Q: 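Please read through the structure below; I'll follow up with questions.
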Protein chains: 2
Amino acid sequence: MKNIRVASTPTIKRLPAYLHIIEAAAREGKEYISGTVIAEELELEPIQVRKDLATTGIVGKPRLGFPVAELVQAINGFLDWNTVHNAIILGAGHLGTALMGYRIFPRHGMHIVAAFDSDTGKIGTKINGVPVYALPELKERVRKLQVELAILTVPSSHAQQVADLLVDCGIQSIWNFTNIKIKVPPGVIVQKEDLSSGYAVLSVKMRLARDAAPEE
Amino acid sequence: MKNIRVASTPTIKRLPAYLHIIEAAAREGKEYISGTVIAEELELEPIQVRKDLATTGIVGKPRLGFPVAELVQAINGFLDWNTVHNAIILGAGHLGTALMGYRIFPRHGMHIVAAFDSDTGKIGTKINGVPVYALPELKERVRKLQVELAILTVPSSHAQQVADLLVDCGIQSIWNFTNIKIKVPPGVIVQKEDLSSGYAVLSVKMRLARDAAPEE
DNA sequence: TAGATTGTTAATCGATTAACAATC
DNA sequence: TAGATTGTTAATCGATTAACAATC
């Protein structure tokens with residue numbers, strides 16, 4: 001299990017898309033899948049897919065491609081998606097609720113075991129089977145439930161404040177869905193899910209398309 | 001208005017974060033902001049901020065920094081966030097509802113003017129002030145409301161089918177929140193918001209942190 | 001003035017792409 | 001066998017970073 005290589009961030013970001021396709025192939029009973037086929041599906045270059053898959057350590061067979069079952073195992077292993085990680089949601093609004101309902105997360109080892117909100121109407125209820133607690137209970141619940149990851153879906157105005165709380169509770173990893181760059185002590189992992197970035201890229205593409213083909 | 005430069009995708013993705021900070025500076029009444037200050041706030045290199053800001057065409061003053069008001073205008077102009085774009089939501093579930101409630105979108109020119117869903121319980125109602133229609137009405141509404149952008153928040157299993165519908169209605173830009181790579185004709189812009197990618201990066205970071213500091 | 005910050009040009013770094021022998 | 005696909009090594013491309021003169 002020690003022959004796990006390093007991979008660049010762009011490579012890591014592409015792995016889930018590969019996994020998605022490879023798992024579909026597995027369900028269809030295919031034994032091998034070629035980098036060429038994956039590349040076509042995702043509109044990537046075959047060489048890029050091969051290079052990326054090389055980081056999993058799985059060797060393919062010329063003419064046939066890569067062994068499907070091994071690849072699924074290796075990618076899941078590389079991403080650590082075979083291990084269970086308990087997570088909590090901070091902010092049981094629509095976004096938080098949407099994430100609680102995502103079926104893929106538990107399939108990738110992420111189990112949302114609790115949500116926290118300041119709305120007394122929600123506290124004590126269950127959303128999608130996930131119990132909603134009040135914030136003062138955070139520390140104890142985190143300890144008891146062995147929470148490793150906190151998902152931040154509170155309003156931006158509360159983001160830093162809640163992040164501070166999380167850090168205080170010993171949370172080491174935060175998935176930040178707010179548009180605030182939160183400040184945390186060194187060592188705490190923060191992954192920012194940046195809607196604005198995506199929208200910016202989209203906006204520029206739309207502007208360029210409009211500029212290219214002016215009026216109708 | 002023609003001195004808009006090109007910018008790389010990484011640069012475009014950083015611009016909203018810059019804008020966020022610069023607008024805060026504007027609210028505080030600051031006339032100038034230096035690249036150094038922005039860099040510190042975002043934990044980036046000052047040289048990178050300067051390079052990025054150079055694409056806006058705004059020239060800074062040594063010692064002082066960049067003129068705040070001009071930067072705000074230039075970045076918004078570059079991102080085309082001063083122009084109104086009508087958008088629709090496909091799939092009025094929790095994620096769709098969350099997006100309808102985002103206050104930042106209208107501030108960046110994006111107005112969600114309608115939502116579409118197959119749930120008869122939702123059709124005819126308003127969510128966050130946005131009317132929910134049935135899918136068969138799509139074509140007519142798109143035309144009447146002059147919709148430019150469609151936001152795809154349907155279940156993955158329906159993603160391609162709904163995307164086909166959108167293309168058929170003449171939609172040129174799709175913001176895809178499903179984990180499916182949808183197929184569209186050339187010319188149609190698709191921006192994929194990829195939760196799995198973010199989760200993959202986070203997972204690997206967590207694994208590496210764990211491997212680095214083994215057991216406790 | 002002194003010195004922090006800009007803008008530009010050059011150097012470095014890293015990711016993508018190309019080329020091609022090896023091979024199932 | 002023939003040929004599509006792999007894996008490796010090298011070339012290219014593009015983004016980041018460094019260096020530094022110009023300047024407010």
Side-chain angles (χ1 to χ4, degrees), chain A residues 3-18 21-22 25 30-71 74-75 78 194 197 200-201 204 208, chain B residues 3-18 21-22 25 30-71 74-75 78 194 197 200-201 204 208:
Chain A
N3 55 357
I4 282 182
R5 329 275 169 98
V6 284
S8 67
T9 306
T11 294
I12 296 170
K13 286 189 171 174
R14 286 188 292 267
L15 288 177
Y18 299 164
I21 291 172
I22 298 162
K30 292 192 182 125
E31 265 191 81
Y32 289 90
I33 186 166
S34 80
T36 317
V37 167
I38 298 174
E40 253 169 40
E41 197 76 25
L42 297 172
E43 290 172 44
L44 298 174
E45 295 300 321
I47 173 64
Q48 185 164 62
V49 176
R50 269 183 283 152
K51 261 279 160 73
D52 287 341
L53 293 183
T55 64
T56 65
I58 302 302
V59 287
K61 280 199 172 67
R63 187 81 235 246
L64 284 173
F66 298 85
V68 165
E70 284 180 48
L71 264 189
I75 296 177
F78 186 91
D194 205 340
S197 291
V201 174
V204 171
L208 293 174
Chain B
N3 54 358
I4 282 181
R5 329 275 168 97
V6 285
S8 68
T9 305
T11 294
I12 295 170
K13 285 188 172 174
R14 284 188 293 265
L15 287 177
Y18 298 165
I21 290 171
I22 297 163
K30 292 196 181 121
E31 265 191 80
Y32 289 89
I33 187 166
S34 80
T36 316
V37 168
I38 297 174
E40 252 168 42
E41 197 76 24
L42 297 172
E43 291 172 43
L44 299 174
E45 294 300 321
I47 174 65
Q48 185 164 60
V49 176
R50 269 181 284 152
K51 262 279 160 72
D52 287 340
L53 292 182
T55 64
T56 63
I58 302 301
V59 287
K61 279 198 172 66
R63 190 79 235 251
L64 284 173
F66 298 86
V68 165
E70 284 179 48
L71 265 190
I75 296 177
F78 186 91
D194 205 339
S197 290
V201 174
V204 171
L208 293 175

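Chain naming here is simple, since letters A, B, ... match the order of the sequence lines and numbering starts at 1 in each. Small disclaimer: the values here were computed from a predicted structure and weren't measured.
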Q: In the structure I gave you, are the side-chain heavy atoms of B/Y18 and B/L44 within less than 4.5 Å of one another anywhere?
A: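 Yes - at least one pair of side-chain heavy atoms lies under 4.5 Å apart.
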Q: With sequence neighbours excluded, what pairs up with B/A17 under the side chain to side chain contact (heavy atoms under 4.5 Å, CB included) test?
A: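 Side chain to side chain contact (heavy atoms under 4.5 Å, CB included) check on B/A17 returns B/L42.
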Q: Assuming nearest nucleotide by heavy-atom distance, tell me which of A/T11 and A/G60 is located more 5' along DNA chain C.
A: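 By nearest-heavy-atom nucleotide position, the 5'-most residue is A/T11.
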Q: Consider side-chain contact (heavy atoms from CB on, under 4.5 Å). Of B/T11, B/I33, B/I38, B/I58, which one does B/L53 pass it with?
A: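 Filter result, single survivor: B/I38.
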Q: Taking any atom under 4.0 angstrom from a heavy atom of chain A, which nucleotides of DNA chain C are the first and last to qualify, 5' to 3'?
A: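 Contacts span C/dA15 to C/dC24, reading 5' to 3'.
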Q: List in numerical order all residues of residues 39-52 of chain A for which some heavy atom is under 4.0 Å away from an atom belonging to DNA chain D.
A: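 The answer is A/I47, A/R50, A/K51.
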Q: Does B/E31 have any side chain to side chain contact (heavy atoms under 4.5 Å, CB included) partners at least two apart in sequence or in another chain, and if so, which?
A: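 Expected list: none.
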Q: To the nearest 0.5 angstrom, please state how far the OG1 atom of A/T55 sits from the CZ atom of A/F78.
A: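 Spacing of OG1 (A/T55) from CZ (A/F78) equals 5.0 Å.
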Q: Pairs in or reaching into residues 55-70 of chain A: which pass salt bridge (charged side-chain N to carboxylate O under 4.0 Å, His left out), with residues at least two apart or in two chains?
A: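 Non-adjacent pairs meeting salt bridge (charged side-chain N to carboxylate O under 4.0 Å, His left out): zero.
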Q: Roughly how far apart are B/I21 CD1 and B/L71 CG, rounded to 0.5 Å?
A: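 Rounded to the nearest 0.5 Å, the CD1-CG separation comes to 12.0 Å.
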Q: Sequence neighbours excluded, which residues qualify as side chain to side chain contact (heavy atoms under 4.5 Å, CB included) partners of A/V201?
A: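 For A/V201 the side chain to side chain contact (heavy atoms under 4.5 Å, CB included) partners, ignoring immediate neighbours, are A/K205, B/T9, B/I12, B/K13, B/Q191.
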Q: How sharply is the helix from C/dG3-D/dC24 to C/dC24-D/dG3 bent, taking the axes over five pairs at either end and rounding to 10 degrees?
A: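 Rounded value for the end-axis angle: 20°.
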Q: Partners of A/P10 by side chain to side chain contact (heavy atoms under 4.5 Å, CB included), sequence neighbours excluded?
A: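 Result, side chain to side chain contact (heavy atoms under 4.5 Å, CB included) vs A/P10: A/S8, A/R14.
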Q: Residues two or more places apart in sequence or in another chain: which of them pass side-chain hydrogen bond (donor to acceptor under 3.5 Å, both in side chains) with A/E41?
A: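 Here the qualifying residues are B/K183.
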